[in-house]
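Everything on this sheet refers to the single structure shown next.
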Protein chains: 2
Amino acid sequence: MKTKPPKSDLKSLPLDSILRGDCIAAMNALPEGSIDMIFADPPYNLQLEGELHRPNNTKVDAVDDDWDKFADFATYDGFTEAWLKAARRILKDDGTIWVIGSYHNIFRVGAKLQDLGYWMLNDVVWRKTNPMPNFRGRRFTNAHETMIWCSKSKDSRHQFNYESMKALNDDLQMRSDWLLPICTGNERIKDEKGNKGHPTQKPEALLHRIIMASTKPGDVVLDPFFGSGTTGAVAKRLGRRWIGLERDETYIGLAKKRIAAVQPVTDPSLLHTPSKREEPRIPFGWLIERGLLPPGEVLHSLNGRWTAKVRADGTLISADHRGSIHQVGAAVQGAPACNGWQFWCIQREGQLVPIDYLRQQLRAEMH
Amino acid sequence: MKTKPPKSDLKSLPLDSILRGDCIAAMNALPEGSIDMIFADPPYNLQLEGELHRPNNTKVDAVDDDWDKFADFATYDGFTEAWLKAARRILKDDGTIWVIGSYHNIFRVGAKLQDLGYWMLNDVVWRKTNPMPNFRGRRFTNAHETMIWCSKSKDSRHQFNYESMKALNDDLQMRSDWLLPICTGNERIKDEKGNKGHPTQKPEALLHRIIMASTKPGDVVLDPFFGSGTTGAVAKRLGRRWIGLERDETYIGLAKKRIAAVQPVTDPSLLHTPSKREEPRIPFGWLIERGLLPPGEVLHSLNGRWTAKVRADGTLISADHRGSIHQVGAAVQGAPACNGWQFWCIQREGQLVPIDYLRQQLRAEMH
DNA sequence: TCCCAACTTGAATCCATAC
DNA sequence: CGTATGGATTCAAGTTGGG
């Protein structure tokens with residue numbers, strides 16, 4: 001895509017402010033080709049039926065707001081198409097858009113993005129360090145959300161701050177899976193009654209990474225579903241201009257107050273927020289999945305007095321006991337506890353070698 | 001969804017074999033409602049690459065009339081719809097399907113799954129320990145692929161081996177993000193010239209987890225895009241039946257040889273993890289009938305705050321409430337529900353012991 | 001002031017069976 | 001079919017409050 005003169009100048013934009021009303025109408029009222037980056041956190045169209053309780057009988061405070069209710073997929077698709085079209089018109093030719101969602105909506109959003117001519121650059125997974133567990137034990141813990149990052153079209157020359165991302169990631173290329181905690185504690189905006197101000201507030205660290213990756217200082221960032229204003233708060237801190245669109249007057253009030261308190265960072269060297277590198281925990285079961293131990297293999301205790309068989313799910317079974325390597329190790333000895341990694345051994349060239357040896361092997365393979 | 005008699009018996013299925021030909025035709029020739037789980041690794045929409053290039057080099061702008069590209073997506077969508085429909089017909093009512101893909105195709109596949117009435121259970125992210133780096137430094141390293149797990153419909157009662165997954169993950173719930181290496185080294189199938197036999201061979205560890213999570217021993221697993229046969233190899237090892245569909249004779253040859261060399265785990269106790277849910281039900285009244293508890297015995301709540309008396313018909317009576325162990329437990333606490341087996345206790349040697357202990361005793365006596 | 005235990009909470013399509 | 005009911009099920013952080 002060729003570099004063009006901007007279709008509008010900054011003065012014609014309602015910079016650093018929140019526009020109240022329907023986001024589609026508001027976007028249609030903005031000048032064409034004027035926005036550098038859009039971050040959108042649209043309704044997810046959750047389809048919840050009854051109530052959900054934790055095992056301790058407390059009720060989960062679910063998202064049941066009217067703004068998340070759609071009659072059916074067709075209605076949701078129509079809404080998605082309408083706002084994505086409006087967004088595409090106001091985006092600069094080299095601008096990009098981020099959309100976040102869960103499995104309830106993200107596949108529909110992604111297909112629509114492609115249908116409308118957006119060009120996918122990445123899908124990025126936000127892995128939550130502290131997701132809500134699955135309380136009924138019927139599925140996998142829903143521990144991530146998906147973001148889609150697109151340019152306006154295939155030929156766009158999008159902004160990507162490769163070096164900044166590399167620096168954020170201990171000098172390794174930033175991957176498409178990001179590990180970040182959900183928004184809790186002091187960061188979570190409260191209303192005057194002390195309740196959570198918005199049910200789906202996103203963490204500032206997430207927006208920090210997104211804005212740092214795909215915009216320059218001074219760029220205009222627009223958020224059509226502004227909510228509690230995380231996008232505006234981080235954009236202001238990072239020296240970007242921002243525009244928020246929001247229907248709900250209460251959310252607007254909370255966001256305004258929040259953003260007013262933000263101090264922009266003037267010294268760019270302060271922007272370096274190194275991410276923690278995670279040390280992967282290695283469950284014993286992974287050795288079986290990975291073929292380092294076959295199901296049915298016999299393990300021997302270090303002293304040779306006991307044996308146990310490896311099961312396909314990573315538990316052990318001995319004459320009288322079944323459970324984890326630690327549990328069975330403790331049980332056969334009648335001990336209160338046992339480190340199964342050191343206690344159980346395999347035969348290697350006539351020697352008994354603790355299974356911890358295999359774990360070290362696996363760790364090395366996983367860096 | 002109610003348990004129904006199977007619509008076909010195992011004898012009518014081409015078990016543990018590869019059918020050569022088009023997967024849609026092959027699925028249409030199989031009996032309805034006969035498959036427990038489908039794993040599908042469909043082709044990505046790679047023909048898109050060249051065709052998006054406009055001959056006149058005009059920018060992609062007004063999306064609605066960009067019918068060239070729409071035609072490409074439409075072709076892929078038509079193919080996706082056809083094979084997903086055929087797959088849904090042969091799936092048992094309580095069966096599930098897994099589909100893996102990347103951002104090139106997974107959003108279209110996901111939307112189509114929903115449109116066809118499949119019910120999403122999870123989207124699962126396969127995080128690669130060793131992804132291909134991004135050479136141009138214009139995007140994030142593409143370090144994951146996405147899998148969608150669906151039941152046939154909203155009312156299905158899908159198989160999920162919660163305890164096995166928990167065991168595989170050091171006794172913590174298995175999350176929706178899985179860290180596994182890509183398939184390399186000895187596991188990678190080579191052709192007779194020593195080149196890689198299949199371009200997108202999936203790691204056996206991935207299939208191990210999928211099959212362990214969502215099937216029982218003896219279940220029938222079908223893979224409509226069989227390729228190098230990873231699904232068959234792991235299914236055989238884990239005591240499941242399998243059917244592979246594949247067009248390419250070369251891949252079929254490689255897969256047959258590979259699967260023939262697999263040693264199945266024969267001991268069922270290594271494959272099946274019992275769960276509390278599948279234990280036979282013991283009515284509380286049986287404890288009284290069998291003399292384990294005399295009528296009039298006083299039960300104490302686990303925290304010692306409440307008491308209730310056992311009546312001869314197996315109900316309890318407290319100061320204000322009368323009913324089952326669960327009902328009275330819930331009522332005294334003012335809770336929406338209560339597991340009376342864990343809540344109510346008897347005195348044994350000065351300790352409060354949950355009545356669940358007596359249930360276990362009774363279960364043991366009944367083997 | 002420090003420490004530890006107890007309590008709270010988060011975008012959730014979260015049950016199975018008998019009658 | 002619908003309705004009633006037995007009874008299985010949670011992880012990581014942050015906050016609160018007492019000793």
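Every chain is numbered from 1 and lettered A, B, ... according to where its sequence line falls, protein lines coming before strand lines.
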Compute whether any side-chain donor of one residue and acceptor of the other, for [X] and [Y], lie under 3.5 angstrom apart.
{"X": "B/S153", "Y": "B/D155", "result": "no"}
{"X": "B/Q173", "Y": "A/T141", "result": "yes"}
{"X": "A/R54", "Y": "A/T58", "result": "yes"}
{"X": "A/D77", "Y": "A/T80", "result": "no"}

NA contact type, [X], heavy-atom cut-off 4.0 Å: base, sugar-phosphate, or nothing?
{"X": "A/R54", "value": "base"}
{"X": "A/P203", "value": "nothing"}
{"X": "A/P181", "value": "nothing"}
{"X": "B/R175", "value": "nothing"}
{"X": "A/C183", "value": "nothing"}
{"X": "A/D68", "value": "base"}
{"X": "B/Y162", "value": "sugar-phosphate"}
{"X": "A/W67", "value": "base"}
{"X": "A/E51", "value": "base"}
{"X": "A/T184", "value": "sugar-phosphate"}
{"X": "B/G340", "value": "nothing"}

Return the set of residues passing side chain to side chain contact (heavy atoms under 4.5 Å, CB included) with A/L52 (not counting sequence neighbours), or none when no residue passes. A/V60, A/F135, A/R136

For the pair [X] and [Y], find out whether any cationic side-chain nitrogen is under 4.0 Å from an anionic carboxylate oxygen.
{"X": "B/D177", "Y": "B/R175", "value": "yes"}
{"X": "B/D356", "Y": "B/R363", "value": "no"}
{"X": "A/R258", "Y": "A/E204", "value": "yes"}

When the nearest nucleotide of DNA chain D is assigned to A/G185 and to A/P133 on a heavy-atom basis, which residue is associated with the more 5' position? A/P133

Could you check A/N130 against B/A337 and say which one's nearest nucleotide on DNA chain D is further toward the 5' end? B/A337

Taking [M] as the reference, what is the distance to [N] when you measure between their [atom1] atoms (whole Å, please)?
{"N": "C/dA16", "M": "D/dT10", "atom1": "P", "answer": "15 Å"}
{"N": "D/dA8", "M": "C/dA18", "atom1": "P", "answer": "15 Å"}
{"N": "D/dT9", "M": "C/dA12", "atom1": "C1'", "answer": "14 Å"}
{"N": "D/dG7", "M": "C/dC14", "atom1": "C1'", "answer": "15 Å"}

Proximity to the side chain of B/K166 - top-ranked nucleotide from D/dC11, C/dA16, C/dA11: D/dC11

C/dT9 phosphate, OP1 or OP2: any side-chain N/O from A/N56 under 4.0 angstrom? no

Pairs under 3.5 Å (N/O, protein and nucleotides 17-19 of chain D):
none

Under 4.0 Å from any atom of DNA chain C, heavy atoms only: list the residues of residues 115-123 of chain B that qualify, in numerical order. B/W119, B/M120

Does A/K202 contact C/dA11 through a side-chain donor or acceptor facing the base, at a distance under 3.5 Å? yes

In which stems does DNA chain C show up, taking only runs of three or more Watson-Crick or G-U wobble pairs whose two distances fall under 3.5 Å? C:2-10 with D:11-19, C:15-19 with D:2-6

Separation between CD (A/Q201) and CD (A/E187), nearest 0.5 Å, reads 6.0 Å

Check nucleotides 3-6 of chain D against the protein and report each pair of N or O atoms closer than 3.5 Å, with its distance, or say if there are none.
{"unit_1": "D/dG6", "atom_1": "OP2", "unit_2": "B/S324", "atom_2": "OG", "d": "2.9"}
{"unit_1": "D/dG6", "atom_1": "O4'", "unit_2": "B/R281", "atom_2": "NH2", "d": "3.1"}

The ring pair (Phe, Tyr, Trp, His ring centres under 6.0 Å) partners of A/W149 (sequence neighbours excluded) come to A/W98, A/H158, A/F160, B/F140

CG of A/L206 versus C1' of C/dA11: gap in Å, rounded? 13 Å

